[in-house]
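Both counts, for ligands and for their atoms, begin at 1 and track the order of listing.
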Amino acid sequence: MKQKNIFIKTFGCQMNEYDSNRIYDNVSKLGFVKTENQENAECYILNTCHIRDKAKEKVYHEIGRVKKLYRDKKKPIMVIAGCVAQAENEEMLKREPYIDIVIGPQAYHKINDLLKEHEFNTKQEETEFDTISKFGYFDKIKNNNNKISAFLTIQEGCDKFCHFCVVPYTRGPEYSRPFNKIIAEAEQLIKNGAKEITLLGQNVNAYSHIENSKEFRLSHIINHLNQYSELERIRYTTSHPRDMTDDLIDCYSSNKKLMPFVHLPIQSGSDRMLKLMNRKHTVDDYLKVYGKLKKINKEIEFSSDFIIGYPGESEKDFHDTCNLLKKIRFINSFSFIFSPRPGTKASKLEMINKNIAKERLKIIQEKLFNNQIEINQSMENDIVDVLVENKMKKQNKFFGRNKYISPVIFDGVESDIGKIVKVKIQTSNQNTLFGLVNKKMKAA
Ligand code: SAM
Ligand code: SF4
Ligand code: F3S
């Protein structure tokens with residue numbers, strides 16, 4: 001089979017990253033080989049994200065860049081995948097003749113057929129929601145990802161319909177993969193060398209699969225993975241506060257490999273805003289979950305997502321969000337100005353003043369970033385466990401993460417890769433800890 005180069009550029013969340021890897025597992029059967037050189041590809045895939053801002057325009061801008069790169073060469077097969085592809089579908093083919101294939105996230109099992117048909121010079125669009133067939137197809141293809149820290153999608157889609165969010169429209173209804181298929185894929189990843197597995201889903205803790213009248217939940221997957229001696233760490237993301245059930249909370253006491261770090265988006269500290277957003281939980285519900293987890297293990301740290309300047313957000317609502325930060329010291333967080341998404345309920349609402357929203361974002365980020373800096377500084381001189389992922393490209397240093405998923409850069413040795421080593425933290429900044437390995441040290 002003739003070898004051809006493929007370049008895949010991924011935007012958005014970890015699920016897109018997982019998808020890009022699985023797309024590659026699939027197209028490699030056609031002889032495609034991944035290249036890091038974006039100027040030398042026979043096929044160019046943009047795996048897009050639609051969550052905020054001018055997502056669509058960014059894609060056309062990217063295509064403009066690719067056109068320039070290939071001005072004097074044979075054009076690559078241009079594939080638009082991901083959530084913008086799903087939202088825009090055939091409109092993209094009409095607007096930009098450079099695009100050859102538009103494929104939505106639930107149609108990736110069809111990509112090889114589309115690529116083969118492309119040889120006959122047809123433009124194609126495939127955006128049907130066909131989640132069951134997709135996972136059924138991919139279950140039969142080996143996951144070749146050989147990273148130390150690997151992603152594994154267990155659930156996809158969302159039925160919650162927060163009024164600001166495009167995900168239910170781009171990823172479709174909630175679907176949970178069969179338990180045994182997930183375990184089989186986890187075993188492949190472990191065989192490939194994974195020491196950490198992050199279970200993924202847009203609502204990963206809503207995972208529910210019924211087989212022979214028995215319900216399997218996220219807690220069952222975590223507890224099952226705990227048995228594999230080669231696997232060191234288990235994580236999951238992203239969870240919804242309403243689905244933080246007691247069986248999952250209990251995992252934090254029974255399961256040593258589950259990292260004491262919970263990314264739990266709240267969006268706002270105001271009940272009035274949560275209601276307007278259709279979040280289906282209150283601040284108090286969130287605080288209860290926080291309290292239960294802290295009671296089980298006081299080491300657990302939280303991160304969150306905030307939307308600032310949602311339509312109708314008053315000064316008082318914003319203050320409620322600021323007050324929440326006094327109750328919970330988030331170890332890190334993401335905060336965004338509300339961005340109206342086409343087709344969502346909130347896109348029809350009147351926006352608040354742009355400058356006010358910007359000012360509020362600045363205030364909240366300063367608080368969140370100060371927290372992060374302080375928490376990182378408090379770790380200086382501590383000895384922490386770090387799972388070593390790789391040697392850095394540009395420096396003679398190594399990269400890994402602590403239990404709270406914070407990046408740690410340190411002086412190490414090649415043979416540490418894939419192991420958990422003890423690193424003495426010397427300095428830090430807002431996002432990263434810097435240190436030295438010492439084999440004789442004990443973890444804090
Ligand atoms: N399912 C997760 C949950 O419910 O918490 C969130 C998944 S979403 C991919 C990630 C984050 O993007 C959200 O938590 C939210 O803060 C942010 N987001 C989603 N839609 C947005 C919008 N229209 N404007 C600004 N931020 C948005
Ligand atoms: Fe979007 Fe809400 Fe679903 Fe999260 S729960 S993916 S924010 S609709
Ligand atoms: Fe973006 Fe789609 Fe993920 S909109 S955040 S790539 S689910």
Side-chain angles (χ1 to χ4, degrees), residues 9-20 23 46-56 58-59 80-88 103-106 108 127 131 151 153 155-175 200-207 236-244 262-269 273-274 276-281 285-286 289 302-311 313 321 330 333-349 351-352 357-358 360-361 364-365 368:
K9 185 161 183 173
T10 309
F11 300 86
C13 61
Q14 293 100 325
M15 296 193 66
N16 257 12
E17 232 177 275
Y18 172 86
D19 287 345
S20 287
I23 289 173
L46 282 181
N47 193 0
T48 62
C49 171
H50 203 35
I51 203 80
R52 276 179 295 276
D53 302 326
K54 301 177 181 76
K56 191 169 70 176
K58 271 190 204 155
V59 175
I80 309 298
C83 290
V84 176
Q86 184 64 45
E88 291 295 309
I103 185 162
Q106 304 311 342
Y108 293 153
T127 48
T131 326
F151 292 140
T153 293
Q155 179 278 340
E156 196 162 5
C158 180
D159 295 337
K160 296 209 168 56
F161 289 92
C162 300
H163 287 170
F164 52 79
C165 186
V166 79
V167 170
Y169 307 97
T170 60
R171 294 277 171 166
E174 269 176 24
Y175 170 77
L200 299 180
Q202 270 92 23
N203 275 274
V204 72
N205 56 345
Y207 175 86
Y236 61 89
T237 199
T238 298
S239 21
H240 189 283
R242 214 180 61 168
D243 296 313
M244 287 303 294
V262 185
H263 179 63
L264 194 60
I266 186 164
Q267 317 299 353
S268 170
M273 294 317 295
L274 292 178
L276 287 176
M277 290 174 173
N278 194 30
R279 278 294 287 179
K280 303 183 175 79
H281 65 82
D285 294 335
Y286 191 96
V289 169
F302 287 74
S303 82
S304 200
D305 292 346
F306 294 91
I307 295 183
I308 304 299
Y310 186 77
E313 184 188 71
T321 302
F330 292 102
S333 278
F334 302 94
S335 41
F336 319 97
I337 289 190
F338 166 70
S339 160
R341 303 285 72 213
T344 60
K345 283 208 170 159
S347 66
K348 297 179 188 79
L349 303 174
M351 297 276 283
I352 75 160
K358 274 191 189 160
R360 288 180 186 165
L361 184 73
I364 203 96
Q365 290 196 330
L368 291 166

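- Around atom 1 (Fe) of ligand 3, the protein atoms of type N, O or S found under 2.8 Å away are C49 SG, listed by chain and number.
- Aromatic ring centres of F336 and Y310 lie farther apart than the 6.0 Å criterion allows.
- Of all the listed residues (S339, P340, S347), S339 holds the heavy atom that lies closest to atom 24 (N) of ligand 1.
- Counting heavy atoms closer than 4.0 Å to ligand 1, residue Q267 contributes side-chain atoms (C-beta onward) but none from N, CA, C or O.
- When heavy-atom distances to ligand 1 are checked against a 4.0 Å cut-off, R279 comes that close only through its side chain, counted from C-beta outward.
- Among the atoms of R341, none of the N or O lies under 3.5 angstrom from an N or O of ligand 1.
- Here F336 has side-chain heavy atoms under 4.0 Å from ligand 1, and that is the only part of it that gets that close.
- Close contacts between ligand 3 and Q202 involve ligand atoms 7 (S) [criterion: under 4.0 Å to a heavy atom].
- By the 3.5 Å distance cut-off applied to N or O atoms, C165 is not counted among the residues near ligand 1.
- The shortest separation from a heavy atom of T344 to ligand 1 is not under 4.0 Å, leaving the residue out of contact.
- Polar contact with ligand 1: absent for N203 (N/O pair, distance under 3.5 Å).
- Distances from ligand 1 to the non-hydrogen atoms of K160 include no value under 4.0 Å.
- Contacts between I337 and ligand 1, counted as non-hydrogen atom pairs separated by less than 4.0 Å, involve the backbone only.
- Residue K160 places its NZ atom among more than 12 non-hydrogen atoms of other residues, nucleotides or ligands, all under 6.0 Å distant.
- In terms of polar-atom proximity, defined here as any N/O pair under 3.5 Å, R52 does make such a contact with ligand 1.
- Polar contact check, H240 against ligand 1: no nitrogen or oxygen pair lies under 3.5 Å apart.
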